[in-house]
Amino acid sequence: MRSVKIAPSILSADLTNLGEAIRLLEKGGADMVHLDVMDGHFVPNITFGPAFAKQLKAMCSLPFDTHLMISHPMKYAEEFAKGSDWLTFHIECEDDPHEVIDLIRGLGVKVGMSINPHTPFSEVAPFMAKLDLLVVMTVEPGFGGQSCMEQHFAKITEARKYAEANDLDIEIEVDGGICETNVKEAVDAGASIFVAGSAVFKGKRGVVGEIRALKAAAGSE
Ligand code: DX5
Ligand code: ZN
C-alpha cells in the first residue's frame, strides 16, 4: 500500500505560539510541516518570508514542505531553499517553469510543482519526469479554511496513472480542504501526501487527536 503522509499547514495554527504548534505536530506524528508562502500578487494574501522559514525549520525535526504561491519563484527560491526540504512553485507563476525546476534542483532540495484547480493535468504532464512532487490544489490558493472541491480529485487519478505508465517515482500531494470525510477518497484517487490546515489546527480533538483521526480515516492506521 502507498504510504500516507500528513502535512499540516501552519497557516491555521496559533501564530503567536508556533513553538507549541511544532511540538504538537512532532508529538502527533505529522510527516512534514506545510508552509504556505503568499506574496500578495500571485494570490490576494501575504504570509511568511524566508527568514521565518529558516528559523522555524531550525527548531523542528520534521521536513519542511514549502508551498510558494508567488509570482516570481526565480527571485526567491534560493532563500526559501535554506528553510525547506521540499520546495514547490506554481506552474501558473510568471517565470519559466523549466528554469525554476533547474534552479530548485540545483539548490539541493526536492522539487515540487503545484497546479491550480482550473489548470488541466495536461499542462504539467510534460514536467512530471523532472519533479519529485506534484501538488494538486482543491481550493483556489490564498486562504486556509475553504471547502475542498472534490471534483478535482480526478486530476490526482490522471497524474497517478501517468506516473505509473511512465514509471515515475513522484509524490502526489493534495492541498485544500482535506479533512476526515474526504481524505480516503483522495487516497483512493492516488495521492500520497495530504495537506491539512483547519482540519488539524481548528478541530475539537486537538492537534494530536486530529492527526490521528486523519490517518485513521485515510486507512493508514
Ligand atoms: C491555500 C493553501 C493551503 C491551505 C490548507 O492557499 O495552499 O495549504 O492553507 O488549509 P486548509 O486545509 O484549511 O484548506
Ligand atoms: Zn498550501
Side-chain angles (χ1 to χ4, degrees), residues 4-15 18 21 24-25 28 30-49 52-53 56-57 62-71 73 76 80 83-93 110-119 131-153 155-156 171-187 191-205 207 210-211 213-215 217-218:
V4 166
K5 299 187 191 77
I6 305 292
S9 166
I10 56 155
L11 189 60
S12 300
D14 175 359
L15 298 179
L18 281 174
L24 291 171
L25 294 184
D31 297 284
M32 43 200 1
V33 176
H34 186 81
L35 185 67
D36 284 308
V37 175
M38 307 185 190
D39 66 351
H41 188 259
F42 183 76
V43 289
N45 195 2
I46 299 180
T47 57
F48 315 113
F52 175 89
L56 204 63
K57 181 172 160 49
L62 299 171
F64 263 53
D65 170 35
T66 303
H67 179 190
L68 297 178
M69 286 163 275
I70 67 177
S71 297
Y76 296 102
F80 275 106
S84 309
D85 297 279
W86 300 74
L87 192 55
T88 294
F89 72 102
H90 270 261
I91 190 168
E92 302 89 356
C93 74
K110 303 272 192 191
V111 185
M113 183 184 264
S114 184
I115 138 179
N116 278 342
H118 297 292
T119 302
L131 302 174
D132 299 302
L133 169 69
L134 177 72
V135 180
V136 175
M137 297 300 301
T138 44
V139 297
E140 290 299 338
F143 300 92
Q146 304 179 73
S147 297
C148 178
M149 294 185 270
E150 278 113 10
Q151 68 269 30
H152 297 295
F153 286 172
K155 240 186 292 184
I156 299 173
E171 300 276 5
I172 300 177
E173 178 174 287
V174 59
D175 186 6
I178 294 301
C179 61
E180 220 180 323
T181 53
N182 59 24
V183 68
K184 182 66 167 66
E185 201 187 327
V187 171
S192 53
I193 305 179
F194 304 82
V195 176
S198 36
V200 166
F201 288 105
K202 310 265 192 221
K204 291 195 179 81
R205 289 166 288 198
V207 170
E210 294 297 343
I211 293 172
L214 266 177
K215 288 199 171 189

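These numbers were taken from a predicted model, which means no experiment stands behind them. Nothing fancy with the numbering, it's 1 onward along the sequence. Indexing begins at 1, ligand by ligand and atom by atom, following the structure's order.
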Show the atoms of ligand 1 that are less than 4.0 angstrom away from any heavy atom in [X].
X	result
H34	8 (O)
V195	8 (O)
M69	6 (O), 7 (O)
A196	12 (O)
G176	14 (O)
G177	11 (P), 12 (O), 14 (O)
M38	6 (O)
L11	9 (O)

Is there a polar contact, in the sense of an N or O pair closer than 3.5 Å, between [X] and ligand 1?
X	value
G197	yes
G142	yes
H67	yes

#### Entry: Heavy-atom neighbours of F143 CZ exceed 12 at 6.0 Å
yes
### Pair K110 + E171: basic N to acidic O under 4.0 Å
no
### Task
Starting from atom 3 (C) of ligand 1, find the nearest protein heavy-atom neighbour and note its residue, name and distance.
D175 OD1, 2.9 Å
### Task
Could you find the nearest protein heavy atom to atom 1 (C) of ligand 1 and give me its residue, atom name and distance?
F143 O, 3.6 Å
### Query
So, E185 side chain and E150 main chain: donor-acceptor pair closer than 3.5 Å or not?
no
### Intermediate values then yes/no, side chain to side chain donor-acceptor pair (under 3.5 Å), H34 and D36
CA-CA 6 Å; H34 186 81; D36 284 308; 2.9 Å; yes
